[in-house]
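Below is one structure; the comments refer to it alone.
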Amino acid sequence: MRLLAVFFSVGNPLAVVNPKKRPRKKKNTLILIICRLFSQEKKVLFFIPQCCNGLLPDMKNFKLVFFTFAFFIFVESTFAQNKPFYPVYKRKAYKEIDSLRGALRPERTCFDVVYYDLQVEIIVKKKSIVGISKTTFKVVEATQKIQLDLYGNLKIDSIMWRNQKLSMLRKYDAVFIYFPKYLQPNQVEEVAVYYQGSPVVNVGDWNRHGFHWDKDDKLRDWISVSCEQDGASLWWANKDHLSDEPDSMRIHIIAPAEFVCISNGRLEKQTRLEKTKQIRHDWFVRNPINNYNVTFYLGHYIKKNLAYKNDTGEHTIETYALDYEHKKMQDYFRLVPEFMAFFEKIYGEYPFWNDKFAVVQSSYSGMEHQTCLAIGRELYNYSNWYYSHTVNYHSTLIHEIAHEWWGNSISVKDMADVWLHEAFATYSEFAFLEYAAGKEIYEKSLQKSNTFINGNYPIVGNREVNENMFTGGDIYHRGAKVIHELRQELNNFPVFLRIHKTFLQRFRYKTVTTADYIQVVNEISGRDLTKFLMDRLYKK
């Protein structure tokens with residue numbers, strides 16, 4: 001690496017400072033200057049202290065000069081080893097509320113969630129809910145305090161542990177729970193949060209998240225929830241950090257009997273509550289699930305099953321639409337088995353057959369809710385707005401199906417890395433186009449997608465603050481471009497496929513980071529592509 005280091009004196013950089021003009025009271029003054037390190041594709045800023053001219057013979061400054069240049073040589077050798085460093089870019093002025101939500105604080109790292117049991121009663125007329133959220137956790141480090149999360153607008157009636165009511169402190173949306181004695185490592189405990197209130201609506205980018213108290217075309221209630229990035233704590237109490245997923249979960253939705261209820265996992269039973277004339281729908285999720293994927297749908301649905309067969313046997317694809325959409329369902333969902341077969345071929349078998357696979361018409365735009373994907377209101381196959389051709393399928397449908405691998409089977413530890421969800425789901429759309437319509441259509445569609453790149457921020461964001469990576473949308477289109485560029489750089493399509501299949505298999509049901517992905521790329525390709533990827537992911 002070429003190193004250009006220029007030591008400036010005051011005024012002309014090449015001038016010699018006259019020792020007689022040196023200020024008497026500032027013999028040991030160090031002038032901090034900014035130097036740039038230039039290499040082919042990186043510019044890194046750091047500070048080098050410069051001793052004023054004439055001070056070198058002064059033995060009092062010898063140690064300072066020695067260690068300054070030792071540090072200088074260390075920095076040069078570090079970058080000469082191709083270990084690029086990228087500055088953190090600010091997206092907004094971060095506040096304490098961002099750290100309380102996004103950081104792995106001691107009150108969070110001291111325990112590991114094992115299981116959630118969530119019950120929520122939907123009060124339709126009041127647009128409110130009454131919930132009981134039970135968290136079973138294993139103690140990792142001795143503690144007397146843990147942090148759960150629940151939006152501040154929801155009232156907590158009590159928090160119970162071993163039939164005792166616990167004290168708590170709420171700070172923004174964080175709930176600090178205090179135990180009467182220290183919990184010891186390896187203990188398995190359960191706390192139950194009893195709460196109620198009206199969940200937030202119309203939050204997040206484009207006001208598309210929160211509780212959805214909608215109406216269908218017949219003006220009947222149509223209710224559901226979505227909360228990616230905004231957090232599952234907007235409607236239930238949990239450890240609202242992506243790094244900790246439960247091993248399994250139960251979801252109980254209590255709602256008026258008129259509704260069909262769909263949720264994650266498999267339906268265990270339905271119980272009619274004679275006192276209130278409601279029905280409790282009990283669902284069980286057998287696999288790890290990230291908290292923003294937990295959801296439900298209440299509406300006047302009809303269900304149609306599609307047969308699907310793969311190497312492991314016969315399976316059922318469940319499709320749900322509103323009862324007046326029965327004529328549209330057949331055409332809209334007809335390609336789902338083909339989508340599934342394609343993804344199983346390139347990514348490996350669908351990860352959740354022991355729960356289910358379902359796609360559900362939703363009043364809001366698509367969302368990758370695990371095992372019950374939301375695919376939007378309109379059941380209409382159209383030429384997608386950013387494709388450069390006419391193909392008779394809805395991109396949202398294939399995008400959300402791809403998320404069962406990219407986002408659900410593997411999930412990121414921090415929102416900073418959520419490009420791994422969205423870029424690969426977007427690229428999967430183009431991959432299917434190449435399979436179905438040819439290389440030319442694939443390339444033209446990528447070119448069209450590239451026109452929506454903003455380039456305002458790096459694709460990988462700031463950690464520990466629940467970064468909103470969805471602003472600008474580059475994690476979709478620019479992220480897909482990076483994946484395509486990696487494919488071109490490898491110039492070996494079988495290796496390209498093997499990288500991603502290996503990554504998905506190695507981290508199945510686990511949480512991941514961008515560093516995990518780069519490690520697998522390097523391992524399978526047999527090349528060090530760290531700089532290639534970091535230049536594209538960490539720079540604007």
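Predicted model only: the values in this text are computed from it and were never measured.
We find that Asp414 and Arg463 are not joined by a salt bridge, their nearest charged nitrogen and carboxylate oxygen being 4.0 Å or further apart. Salt-bridge annotation for Glu274 and Arg272: present, with a side-chain N of the basic residue lying under 4.0 Å from a carboxylate O of the acidic one. Salt bridge status for Lys540 with Asp474: absent, with no side-chain N to carboxylate O gap under 4.0 Å. Using a cutoff of 4.0 Å between basic side-chain nitrogens and carboxylate oxygens, Arg220 and Glu258 are not scored as salt-bridged. Asp221 has a carboxylate O that lies under 4.0 Å from a charged side-chain N of Lys215, or vice versa, which qualifies the two as a salt bridge.
Each of Ser224, Ser263, Cys372 was scored for a side-chain contact (heavy atoms from CB on, under 4.5 Å) with Val360, with one residue passing: Cys372. Evaluated for a side-chain contact (heavy atoms from CB on, under 4.5 Å) with Glu344, the options Asn310, Asp311, Thr312 yield exactly one hit, Asn310. Of the candidates Val188, Val140, Asp247, Asp112 forms a side-chain contact (heavy atoms from CB on, under 4.5 Å) with just one, namely Val140.
In the model, Glu464 has no side-chain atom that pairs as donor or acceptor with a side-chain atom of Asn462 under 3.5 Å. Glu422 and His403 share a donor-acceptor pair across their side chains, judged by distance under 3.5 Å alone. Between Gln196 and Asp157, the side chains place a donor N or O and an acceptor N or O closer than 3.5 Å (distance only, hydrogens not considered). Ser233 and Asp240 share a donor-acceptor pair across their side chains, judged by distance under 3.5 Å alone. Between the side chains of Asn454 and His477, no donor N or O sits under 3.5 Å from an acceptor N or O. Side-chain polar atoms of Glu378 and Tyr332 form no donor-acceptor pair below 3.5 angstrom. A donor-acceptor pair shorter than 3.5 Å cannot be found between the side chains of Asn264 and Asn293.
The cationic atom of Lys218 (NZ for Lys, CZ for Arg) does not lie both less than 6.0 Å from the six-membered ring centre of Tyr324 and within 45° of the ring axis. Relative to the six-membered ring of Phe284, Arg250 meets both conditions, a distance below 6.0 Å and an angle of at most 45° to the axis.
In this pair, Tyr364 and His212 present their aromatic rings parallel. The plane angle is below 30°, not in the 30 to 60° band. Using the six-membered ring where Trp is involved, Trp419 and Tyr517 have ring planes that are perpendicular, over 60° apart on the 30 and 60° scheme. Ring geometry for Trp353 versus His315: interplanar angle under 30°, hence parallel rather than tilted (30 to 60°).
Annotation: Phe343 is not in aromatic contact with Trp406 [ring centroid separation under 6.0 Å not met]. Two rings, from Phe357 and Tyr350, have their centers less than 6.0 Å apart. Aromatic ring centres of Trp283 and Phe296 lie farther apart than the 6.0 Å criterion allows.
The two atoms that bring Leu154 and Trp235 nearest to each other are CD1-CA, 4.1 Å, heavy atoms only. Taking all atoms of both residues into account, the shortest heavy-atom contact from Tyr94 to Val465 is CE2-CG2, 3.4 Å.
No more than 12 heavy-atom neighbours from other residues, nucleotides or ligands sit within 6.0 angstrom of CD on Glu314.
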